[in-house]
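The block underneath contains the structure these notes are about, expressed in structure tokens.
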Amino acid sequence: MSGTVRTRFAPSPTGFMHVGNLRSALYEYLIARVSGGQFVLRIEDTDQKRLVPGALEAIYETLEHCGLEHDEGPDIGGPYGPYVQSERLDRYRAEAEKLIASGHAYRCFCDSERLEELRRQQEGQSFQGYDRHCRDLDPDEAAARAAAGEPFVIRQRMPLEGQTEFVDAVYGTITVDNSELEDQILLKSDGFPTYNFANVVDDHDMQITHVVRGSEYLSSTPKYNLLYDAFGYEIPTYVHLPLILGEDGQKLSKRHGATGFTELVEAGYLPEAILNYLLLLGWSPGDTREIFSLAEMEQAFTISGLSRSPATFDYDKLLWFNQTWLRSEEPKQFARRCRGALEDALGRAATDTELELAGRMLQPRLERLTDIPAQLEWLRELPEDYDLGLFTHKKMKTDAASSRLMLERLRAGLAALESWTEAEIHTYLLAAAKEQAVKNGQVMWPLRIAISGRSVTPGGAVELATLLGREETLRRIDLSLARLAG
RNA sequence: GGCCCUAUGGUCAAGCGGUCAAGACGCCGCCCUCUCAAGGCGGAAUCGGGAGUUCGAUUCUCCCUAGGGUCACCA
């Protein structure tokens, strides 16, 4: 197919946005963008029973959130609309009629009871599927029965012999015996098309050049091609994608953890990190680059870099991407993310200096956005009953007794500081260590424990004291001193 | 079960007949250091098995095995 590349993302609004869908959307978007083509959004709502309220909104929001802008779609229109399948029913019906007329399809009056019975009988047999009961009905008679109001579906008349072959851009040439192909339903009795049929009609109507989808469609692709052939339409380039699996090797689903984009965002992951991780889950640039912004992806993406084997979704690696993206944010922007939790812990509004400091403390340590409150927990209050054993640290050469002496000296010095700035506190504490001829740790460690009650804090004693403020720092030292004395 | 696909460390993966088999996550160790991180350095860890083809197979072919997908009036 010549001309511009056109891809489409065609989700059905039947639930939340699964990361597998999002990855497909990303690849579809990139395949279009990398060659200056168009990316189309189409809504496949042909299964009226499975529609989920709000699912459509989730699709729009996710795409927007990720920056995957579409060029045509239900919300913005375009030259090939409508872009919602339930609004295209006439098209499918007309196309199906064309197929009946040309002998490539037929009306079938078998009801679900008969089909079910058929399935029961076929149990254990090699080829399971419709027995083509209505395939040879007289077309005129069938048309008459339909006209009389008898419910029917329209089925594709598959060739009984021969093979169908197609070339997939990632899997190569795939050949299937036509005898394996079922006379699949094209138009359901409710007048809605099946996915298989609507897809072919729409992809042709919308001039889609690259059909990108999960590899679960690989084995049904020959049926599509037979349809394209029956219509005389040009067959698009197929790009089938390897599946995403959970840690147990099964197709990724809910029970593996958060698998929806929104869920992940709520769990503290950045859209950039999610997208970046998804990009590399099934695609490789061929070199060692790993960090990609959307703009960089648009430059680097290649279909040939797509992998054929299924990939396991690894939350650890996703977490690493998240950390990496978090660290690369503008410090000011990152700090803004901390404001809410900081002020909450502080119990008052934060100054710019405090905000900057908090951001500086957290940015290199944060894994998820949702961890911010926990990282700031020490700021809230000094745990009344923290373990005094924390003062004992063999590497720092400190224990409760030495810490008590140290804290008494430091308290006086800190109280006397001219101003309470990070630099001044820092200078003073280092000077104190030097003056006493001890290692920095011997002054820093007791102080950290005394004012936070924790052995692990996001930052050192200096940062803690600075953020705490002089009054609160001294108060906590006194509290700790009292306990050490007791 | 039939058919289709896949197969490099625990995970993502590069490799496309000749390499000491990249890199990243995770893991371990060291350095740095007031803790934890971050950062730096180093380490352990991989070609599923068997036949071929070839001077030479991770790479090509076949078989086996394992895993996955698919066989709906779901997409």
Side-chain angles (χ1 to χ4, degrees), chain A residues 10-12 14 44-47 49-50 108 110-112 115 119 123-130 151-155 168 171-172 174-177 179-182 184-190 192 194-196 198-199 213-222 240 242-243 245 247 249-251 277 280-290 305 307-321 323 327 361-367 375 390 393 395-396 398 429-430 433 439-449 452 454-464:
Chain A
S12 54
T14 55
E44 311 219 327
D45 58 346
T46 58
D47 188 349
K49 292 187 284 288
R50 294 206 313 163
C108 167
C110 296
D111 57 23
S112 47
L115 261 22
R119 225 163 286 146
E123 232 160 81
Q125 280 176 236
S126 63
F127 179 65
Q128 306 190 342
Y130 180 57
F152 66 95
V153 300
I154 295 179
R155 289 185 183 269
D168 182 85
Y171 287 92
I174 292 173
T175 309
V176 170
D177 285 338
S179 59
E180 290 293 326
L181 276 20
E182 184 183 27
Q184 64 174 346
I185 292 175
L186 267 22
L187 214 59
K188 299 185 264 190
S189 55
D190 64 359
F192 279 76
T194 57
Y195 166 85
N196 303 293
N199 239 263
R213 57 172 37 152
S215 66
E216 65 264 33
Y217 294 106
L218 215 41
S219 48
S220 54
T221 299
H240 284 94
L243 261 19
L245 310 178
E247 259 135 349
Q250 303 295 307
K251 194 169 168 176
Y277 176 60
L280 268 359
L281 197 59
W283 179 79
S284 163
D287 53 39
T288 60
R289 282 178 297 168
E290 289 212 284
S307 164
R308 276 175 300 272
S309 46
T312 305
F313 194 89
D314 182 3
Y315 287 91
D316 281 338
K317 184 99 189 209
L318 172 61
L319 198 57
W320 177 78
F321 274 108
Q323 278 181 200
R327 287 205 314 275
M361 289 168 77
L362 298 198
Q363 193 163 17
R365 291 170 241 265
L366 208 63
E367 295 187 314
Q375 288 279 330
L390 292 179
H393 192 295
K395 195 177 162 202
M396 299 299 150
T398 60
L429 291 175
L430 288 189
K439 299 186 70 170
N440 292 345
Q442 287 178 62
V443 353
M444 301 296 191
W445 184 263
L447 184 56
R448 183 218 325 290
I449 302 299
S452 73
R454 296 156 198 266
S455 61
V456 175
T457 56
V462 177
E463 286 102 323
L464 297 182

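Below, chain A is the first sequence line, B the second, and so on; all start at residue 1.
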Nearest-angstrom distance, [atom1] atom, [N] to [M]:
N      : M      : atom1 : answer
B:rC71 : B:rA13 : P     : 25 Å
B:rG40 : B:rU46 : C1'   : 27 Å
B:rU8  : B:rC60 : P     : 13 Å
B:rU59 : B:rG68 : P     : 24 Å
B:rG48 : B:rU58 : C1'   : 12 Å
B:rA44 : B:rG10 : P     : 15 Å

- Message: If I take atom NZ from residue A:Lys49 and atom OG1 from residue A:Thr14, how far apart are they, to the nearest 0.5 angstrom?
- Response: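 Going from NZ on A:Lys49 over to OG1 on A:Thr14, the span is 13.0 Å.
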- Message: What's the separation between atom NZ in A:Lys395 and atom CD in A:Gln442, rounded to the nearest 0.5 Å?
- Response: 12.5 Å
Applying a 4.0 Å non-hydrogen cut-off, can you work out what [X] is touching in the nucleic acid: base, sugar-phosphate, or nothing?
X        : answer
A:Val462 : base
A:Gly214 : nothing
A:Ser309 : sugar-phosphate
A:Phe321 : nothing
A:Gly441 : sugar-phosphate
A:Ala461 : base
A:Ser220 : nothing

Under 3.5 Å on both distances, the Watson-Crick or G-U partner of [N]:
N      : result
B:rU70 : B:rG2
B:rA7  : B:rU65
B:rA44 : none
B:rG39 : B:rC31
B:rC12 : B:rG23

Rounded interatomic separation in angstrom, taking [atom1] from [X] and [atom2] from [N]:
X        : N      : atom1 : atom2 : result
A:Ile154 : B:rC73 : CD1   : P     : 15 Å
A:Asp111 : B:rC73 : CG    : P     : 12 Å
A:Glu247 : B:rG68 : CD    : C1'   : 17 Å
A:Arg448 : B:rC36 : CZ    : C1'   : 8 Å
A:Leu362 : B:rA38 : CG    : P     : 14 Å
A:Trp320 : B:rG23 : CH2   : C1'   : 10 Å
A:Leu245 : B:rG69 : CG    : P     : 7 Å
A:Asp287 : B:rA24 : CG    : C1'   : 12 Å

- Does a donor on one side chain and an acceptor on the other come within less than 3.5 Å for A:His240 and A:Thr221? yes
Would you say [X] places a side-chain N or O within less than 4.0 Å of OP1 or OP2 belonging to [N]?
X        : N      : result
A:Arg327 : B:rG39 : yes
A:Arg308 : B:rU8  : no
A:Lys188 : B:rC74 : yes
A:Lys439 : B:rU35 : no
A:Gln250 : B:rG68 : yes
A:Thr312 : B:rC12 : yes
A:Thr46  : B:rA75 : yes

Given [options], the nucleotide with the shortest approach to the side chain of [X]:
X        : options                : result
A:Glu216 : B:rC5, B:rU70, B:rC3   : B:rU70
A:Glu463 : B:rA75, B:rA13, B:rC34 : B:rC34
A:Asp314 : B:rG10, B:rC34, B:rC71 : B:rG10
A:Asp316 : B:rC34, B:rA38, B:rC25 : B:rC25
A:Lys251 : B:rU35, B:rU6, B:rU70  : B:rU70

- Note on the structure: Given the options A:Ser220, A:Ser215, A:Ser219, A:Tyr217 meets side-chain contact (heavy atoms from CB on, under 4.5 Å) only with A:Ser220
- Toward the 5' end of RNA chain B, which comes first, A:Arg365 or A:Tyr277, by nearest nucleotide? A:Tyr277
- Nearest-nucleotide wise, let me know which of A:Asp190 and A:Glu290 is further upstream toward the 5' end of RNA chain B. A:Glu290
- Item | Presence of donor-acceptor pair under 3.5 Å, side chain of A:Thr457 and base of B:rC36 |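 No pair found.
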- Could you tell me how the ring of A:Tyr277 sits relative to the ring of A:Phe321: parallel (under 30°), tilted (30 to 60°) or perpendicular (over 60°)? tilted
- Go through the steps to decide whether A:Lys317 and A:Asp314 satisfy the test salt bridge (Lys or Arg N to Asp or Glu O under 4.0 Å), and finish with yes or no. CA-CA 6 Å; A:Lys317 184 99 189 209; A:Asp314 182 3; over 6 Å; no
- Step-by-step salt bridge (Lys or Arg N to Asp or Glu O under 4.0 Å) determination, A:Lys188 to A:Asp190: CA-CA 5 Å; A:Lys188 299 185 264 190; A:Asp190 64 359; 5.0 Å; no
- Query: Does a side-chain heavy-atom distance below 4.5 Å link A:Ile185 with A:Tyr130?
  - Reply: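 A side-chain contact under 4.5 Å is absent here.
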